[in-house]
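Worksheet: one structure, shown below.
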There are 2 protein chains.
Amino acid sequence: MMSPAAARSAVLSIGALSQRTGCNIETIRYYERIGLMPPPPRTAGGHRSYAKSHERRLVFIRRCRELGFSIEEVRVLLDLVDGGHYSCGEVKAVTDRHLEDLRAKIADLKKLQSTLATISAACNGGQVPECPIIDTLYPNTD
Amino acid sequence: MMSPAAARSAVLSIGALSQRTGCNIETIRYYERIGLMPPPPRTAGGHRSYAKSHERRLVFIRRCRELGFSIEEVRVLLDLVDGGHYSCGEVKAVTDRHLEDLRAKIADLKKLQSTLATISAACNGGQVPECPIIDTLYPNTD
DNA sequence: ATCAAACCTGTAGTCACTACAGGTTCAAGC
DNA sequence: GCTTGAACCTGTAGTGACTACAGGTTTGAT
């Protein structure tokens with residue numbers, strides 16, 4: 001159990017929090033503005049004072065974002081966690097929907113890549129003022 | 001060779017162009033504003049009058065966008081085409097750089113999917129107030 | 001006290017659109 | 001010709017997720 005003095009030594013400025021979490025200062029303020037992060041206490045001079053719990057929350061947010069969850073999805077997950085009595089099923093539902101989105105996006109990109117690779121392969125990159133890529137994409141005169 | 005009267009019958013309003021190309025009216029105006037599309041002639045009442053050549057250009061733009069080229073990449077390609085004496089190599093360079101971006105993006109998404117699938121698989125979606133997903137993503141108390 | 005770095009709030013910009021608001025034009029129907 | 005609704009116009013602002021200032025204040029070292 002930390003003593004009050006020891007707890008006070010764990011206080012972080014926004015710059016320190018930024019460094020510890022790899023999250024941009026301005027992004028941290030953005031997250032506060034949109035409600036993902038609670039407004040922290042301030043110094044007498046108006047500077048934000050973050051506790052360890054703030055840091056842990058921000059790490060969670062960043063991990064979710066890195067995994068591609070949208071801000072809204074992160075918000076839903078945080079609401080579940082904040083409520084303190086979420087079910088594992090609710091979390092899994094959000095996660096699996098996101099997984100589905102990822103799969104669809106990958107399939108989409110693969111199709112694009114395949115199409116583009118086919119078009120590009122028809123071009124040997126010469127100096128001729130014609131190009132199969134342009135010829136494919138630019139409609140002919142009717 | 002179309003007669004002047006026949007050429008005049010090929011004139012499209014912006015709504016007609018939107019329908020023929022599947023490109024939103026407001027997006028067409030946006031493309032004009034950012035210079036991808038040239039400003040077309042106007043009717044006496046100020047309405048835009050698009051020729052067939054405008055339509056072909058817009059189809060090209062839409063195809064490139066659908067393939068994931070950024071607006072700037074489309075702009076580069078259009079500059080090449082507009083110059084009229086581009087080399088196939090220049091076009092291929094833009095295209096292959098885009099292909100590389102696509103490949104990187106796919107690899108990135110696959111990694112995310114794999115990570116997330118692993119995390120999600122640890123969750124059987126029950127009613128317990130604990131969740132391996134949250135446990136993985138939310139830092140523990142130090 | 002001085003000074004540079006860190007911080008603050010507010011505003012605006014990025015990218016590629018998308019959605020109005022308020023007004024004008026067009027064309028069909030009477 | 002008049003009416004009316006649809007289509008069009010310009011200008012502005014919003015979307016999502018940041019990111020970058022400007023101009024001012026606070027902090028901490030010297």
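Convention: sequence-line order gives letters A, B, ...; per-chain numbering from 1. What you are looking at is a predicted structure, and each value in this text was computed from that prediction instead of being measured.
Scanning all heavy atoms of the two residues, the minimum distance from B/Leu137 to A/Arg63 falls at O-NH1, 3.1 Å. The two residues A/Pro40 and A/Ser49 come nearest to each other via the heavy atoms CB-O, 3.4 Å. For A/Ala122 against A/Pro132, the heavy-atom pair with the smallest separation is O-CG, 3.0 Å.
In this structure A/Asp96 satisfies the salt bridge (Lys or Arg N to Asp or Glu O under 4.0 Å) test together with A/Lys92, sequence neighbours excluded. Remark: B/Ala117 pairs with A/Leu99 by the side-chain contact (heavy atoms from CB on, under 4.5 Å) rule, at least two apart or across chains. With sequence neighbours excluded, no residue forms a salt bridge (Lys or Arg N to Asp or Glu O under 4.0 Å) with A/Arg97. Looking at residues two or more places apart in sequence or on another chain, you find no ring pair (Phe, Tyr, Trp, His ring centres under 6.0 Å) involving B/His47.
The CE-P distance, from B/Met37 to C/dC17, rounds to 14 Å in whole Å. When the P atom of D/dC8 is taken as reference, atom CG of B/Leu12 falls 11 Å away, rounded to whole Å. Here the C1' atom of nucleotide C/dC8 and the CD1 atom of A/Ile28 are 14 Å apart, to the nearest Å. Here the C1' atom of nucleotide D/dA6 and the CD1 atom of B/Ile25 are 11 Å apart, to the nearest Å. One atom, CD of A/Glu32, and another, C1' of D/dA17, lie 17 Å apart when rounded to the nearest Å. Between B/Ile14 atom CD1 and C/dT25 atom P the separation is 17 Å, expressed in whole Å. If you take CG of A/Leu17 and C1' of C/dC7, they are 14 Å apart, rounded to a whole angstrom.
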Give each protein N/O atom lying under 3.5 Å from an N/O atom of nucleotides 24-26 of chain D, with the pair distance.
none

Detail all sub-3.5 Å separations between protein N/O atoms and N/O atoms belonging to nucleotides 19-22 of chain D.
residue: D/dT19; atom: OP2; partner: A/Thr27; partner atom: OG1; Å: 3.3
residue: D/dA20; atom: N7; partner: A/Glu26; partner atom: OE1; Å: 3.4
residue: D/dA20; atom: N7; partner: A/Glu26; partner atom: OE2; Å: 2.6
residue: D/dC21; atom: N4; partner: A/Glu26; partner atom: OE2; Å: 3.2

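Counting only residues at least two apart or on different chains, the salt bridge (Lys or Arg N to Asp or Glu O under 4.0 Å) pairs with a member in residues 71-86 of chain B are B/Arg57-B/Asp82, B/Glu72-B/Arg75. Residues in residues 59-80 of chain B take part in these ring pair (Phe, Tyr, Trp, His ring centres under 6.0 Å) pairs, two or more places apart or across chains: A/Tyr138-B/Phe60, B/Phe69-B/His98.
With contacts defined as side-chain heavy-atom distances shorter than 4.5 Å, the pair A/Val11/A/Thr43 does not qualify.
In this model, the phosphate group of C/dC26 is not approached by any side-chain N or O of B/Arg48 to a distance below 4.0 Å at OP1 or OP2. Close to D/dT10, at under 4.0 Å from its OP1 or OP2, lies a side-chain N or O of B/Arg42.
In the set D/dC18, D/dC9, C/dC7, the nucleotide with an atom closest to the side chain of A/Ser13 is C/dC7.
Contacts between residues 97-110 of chain B and DNA chain D, defined by a heavy-atom separation below 4.0 Å, involve no residue at all. Sorted by residue number, the list of members of residues 67-82 of chain B with any non-hydrogen atom under 4.0 Å from DNA chain D is empty.
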Just do the side chain to side chain contact (heavy atoms under 4.5 Å, CB included) check on B/Ile133 and A/Val94 with the steps written out, would you? CA-CA 11 Å; B/Ile133 296 172; A/Val94 175; over 6 Å; no
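Linking ILVMFWY residues whenever their side-chain heavy atoms come closer than 4.5 Å, directly or via other members, leaves A/Leu77 and A/Val59 in distinct clusters.
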Donor-acceptor list for residues 108-116 of chain B side chains, cut-off 3.5 Å, not counting sequence neighbours:
residue: B/Thr115; atom: OG1; partner: B/Lys111; partner atom: O; Å: 3.0

Could you list the donor-acceptor pairs under 3.5 angstrom formed by side chains in residues 23-38 of chain A, with sequence neighbours left out?
residue: A/Tyr31; atom: OH; partner: A/Arg62; partner atom: NH1; Å: 2.4
residue: A/Glu32; atom: OE1; partner: A/Arg48; partner atom: NE; Å: 2.8

